[in-house]
Amino acid sequence: MVAQVLSHFAIAFCIAFVLVSTASLALELNVIDKCWRWNPDWTNNRQQLATCSVGFAGKMTDNIGKDTIYYTVTNSSDDPLNPKPGTLRYGATVISQKVWITFQRHMNIQLKKPLVISSFTTIDARGSRIHISGIGCLLINKVSNVIIHGLYIHHCRSGESGSVMGPNSKIMNFGGIDGDGITVARASKVWIDHNTLYACQDGLIDVTRGSTDVTISNNWFKNQDKVMLLGHTDEYSSDKNMKVTIVFNHFGPNCSQRMPRVRYGFAHVANNLYQEWTSYAIGGSMNPQIMSEANLFIAQKSGKKEVIWKLGSSSKIYSVRDVFKNGASFKATGSGSIQPNYNDQQRFPVANAKSVQALTNFAGVLVCSWSSIC
Ligand SMILES: *[C@@H]1O[C@H](CO)[C@@H](O)[C@H](O)[C@H]1NC(C)=O
Ligand SMILES: *[C@@H]1O[C@H](CO)[C@@H](O)[C@H](O)[C@H]1NC(C)=O
């Protein structure tokens, strides 16, 4: 009897040990996720997320506080000129105060025109599977303090010029639309975290026209030719003030180029997983500064091995503590390094590249249950 109890106890102990050790193995969290994901009561503490951002966006604490409006999307329909209360467009565009947007249930949202996002808007899809596609898609234009978290964004298509409801309930006209997943233009303090982006007509994320203070973290980019463009055109030299942090993302499989491609500005590219590229991974022209730090570059078994594509001779493209697999190579412009010179709100510890696989394990949309750890 005693022996039986003891052996039951031993078995229970072993099971508990295995569970705990697999959980802690699987949950080696990066510095952003560690900040909120251990909280099992995350549904009642959604605004905690805004304190977790790192990199050039800094902390997003201007998006939270007592005066924040909570808005729930209940209707997946889209009316670009006359957004109906309950739709995503009404919450993201029409509500001009500080707003925190969540979703009542899983939804597929087909945009008829680009979704224009106002300043001080947070889209927080945690707990729901939200797919966004259609014409556009997300347009973060001439605004600041925007958080995009937890969306599947794909099959975004080009569109003709037209008009759409803009911030402050003013109809605005826009030129032709390229068909990018997220366009950040003339905008600052933008945090794009834990989204899954793929198969858009043009690119997945564009940061252009003098935008700055942007962090792109924990996203999963796949099945795309041109992934990410930082810097509008060769003529648009005010992009030299652009500062973007790209951290803990998973690029690939089936991506060809621009992870990212940088013109003029400064990109700190750290602790990302690169799972094959068919053309190049990181590119630069018009004298950009790119600091590649402790990324894991896994080249295809046969095919392109070189990470870098560059034009011109004055770019600064450095590699520090990166790890290369399958013969991947990195043509740096020298053996130096450049510091992002982060302030206290932006600074974060860059992990050893050996941890990148674990730290990007949860890149893309998180599957969160409403009642436990997300
Ligand atoms: C969503 O809004 C549209 C347009 O107002 C309406 O026709 C439709 O019935 C609504 N759907 C739901 C599920 O409320
Ligand atoms: C690779 O990505 C392209 C472009 O989005 C897509 O058309 C193709 O189906 C993808 N291939 C696979 C094997 O998923």
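Counting starts at 1 for both ligands and their atoms, in listed order.
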Surrounding NZ of Lys59 (heavy atoms of other residues, nucleotides or ligands, distance under 6.0 Å), is the total greater than 12?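 It does: Lys59 NZ has more than 12 such atoms within range.
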Is atom NZ of Lys226 surrounded by more than 12 heavy atoms (other residues, nucleotides or ligands) closer than 6.0 Å?
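Check fails, neighbour count at 12 or below.
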Can you check whether Cys368 and Cys374 have SGs under 2.5 Å apart?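 Between Cys374 and Cys368 there is a disulfide, given that their SG atoms are under 2.5 Å apart.
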Ring geometry between Tyr152 and His131 (parallel below 30°, tilted from 30 to 60°, perpendicular above 60°)
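His131 and Tyr152: parallel rings.
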Does the cation-pi check pass for Lys243 over Phe266, that is, NZ or CZ under 6.0 Å from the six-membered ring centre and within 45° of its axis?
no
Throw together a table of side-chain donor-acceptor distances under 3.5 angstrom for residues 283-293, partners on residues two or more places apart or in other chains.
residue	atom	partner	partner atom	Å
Ser285	OG	Arg261	NH2	3.0
Ser292	OG	Asn295	ND2	3.0
Ser292	OG	Asp322	OD1	3.3
Ser292	OG	Asp322	OD2	2.7
Glu293	OE1	His268	NE2	2.8
Glu293	OE2	Arg321	NH2	3.4

Subject >> Close N or O approach (Asn75, ligand 1; < 3.5 Å) >> reply: yes
Pocket residues around ligand 2 (non-hydrogen, under 4.0 Å) come out as Ala199, Asn223, Asn254
